[in-house]
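Okay, so here's the structure we're looking at.
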Amino acid sequence: MKKFELDINLRILQVVAAVPKGKVATYGDIAQKAGMARAARRVGQALRGLPKNTKIPWHRVVNAQGRISLTEGSAPHNIQRHRLEKEGVLFNTNGALDLHRYRWCHENSS
DNA sequence: TACTTGACAGCAT
DNA sequence: AATGCTGCCAAGT
């Protein structure tokens, strides 16, 4: 059996699902919170296997540059940006969003 | 079985 | 600022 792999994906998905609406997180953040500090790529792979109708808010995950890592002009990229904008996340002319503003900081208010 | 690729990120040059 | 290397881990060729 796969042992870990399943569990890892599950953890990643849980972390992604924990990102509040209107906020974003980087692959590195997700990886770290999932317990794999430098396995940012693993996060992308986990998200990559998600079905289109998944409930996981994968669109809230962007790269360290605050940009959508998917190929620009591609459908998924377009979808991600659209969803983020719909949640109030604004993009610069550069095609990037302000991580300093939207990044899901490890705040534990309350 | 070995090498390459990929929704990344951090550091060195 | 731009480019290259390394680490990380799974999947594809």
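Proteins come first, then strands; the chains are lettered A, B, ... in the order of their sequence lines, and each starts at number 1.
A donor-acceptor pair is defined here as one N or O able to donate and one able to accept, closer than 3.5 Å; no such pair exists between the side chain of A:Tyr102 and the backbone of A:Gly66. Of the possible donor and acceptor atoms, one in the side chain of A:Gln80 sits under 3.5 Å from a partner among the backbone N and O of A:His59. A donor-acceptor pair under 3.5 Å links the side-chain atoms of A:Asn63 to the main chain of A:Gln65, judged by distance alone.
If you measure from atom CG of A:Leu50 to atom P of B:dG6, you get 19 Å, rounded to the nearest angstrom. Counting to the nearest Å, the C1' atom of B:dG10 and the CE atom of A:Met36 are 17 Å from each other. Distance A:Ile30 CD1 to B:dC8 C1': 12 Å, rounded to the nearest Å.
Donor-acceptor pairing under 3.5 Å, judged by distance alone, is present between the side chain of A:Tyr27 and the base of B:dA7. Residue side chain A:Gln45 does not reach the base of B:dA7 through any donor-acceptor N/O pair under 3.5 Å, judged by distance alone. Between the side chain of A:Arg48 and the base of B:dG6, no donor-acceptor pair of N or O atoms lies under 3.5 Å.
Distances from the side chain of A:Ala64 to the nucleotides B:dC8, C:dC9, B:dA9 place B:dA9 closest. Nearest to the side chain of A:Asn63, among C:dG7, B:dA9, C:dC9, sits B:dA9. Closest contact between the side chain of A:Ser69 and the listed nucleotides B:dC8, C:dA10, C:dC8 involves B:dC8.
Nucleotides B:dT1 and C:dC8, compared at atom P, are 23 Å apart to the nearest Å. Separating the C1' atom of C:dA2 from that of B:dA7 is a span of 23 Å, rounded to the nearest Å.
The number of heavy atoms from other shown groups lying within 6.0 Å of CZ (A:Arg83) is above 12.
The side-chain tip of A:Arg41 does not point at the ring of A:Tyr27 from less than 6.0 angstrom away and within 45° of straight on.
Put simply, the residue from A:Lys23, A:Lys21, A:Arg60 that forms a salt bridge (charged side-chain N to carboxylate O under 4.0 Å, His left out) with A:Glu87 is A:Arg60.
A salt bridge links A:Asp29 to A:Arg103: one of the charged nitrogens lies within less than 4.0 Å of a carboxylate oxygen.
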Short N/O separations, protein against nucleotides 11-13 of chain B, under 3.5 angstrom:
none

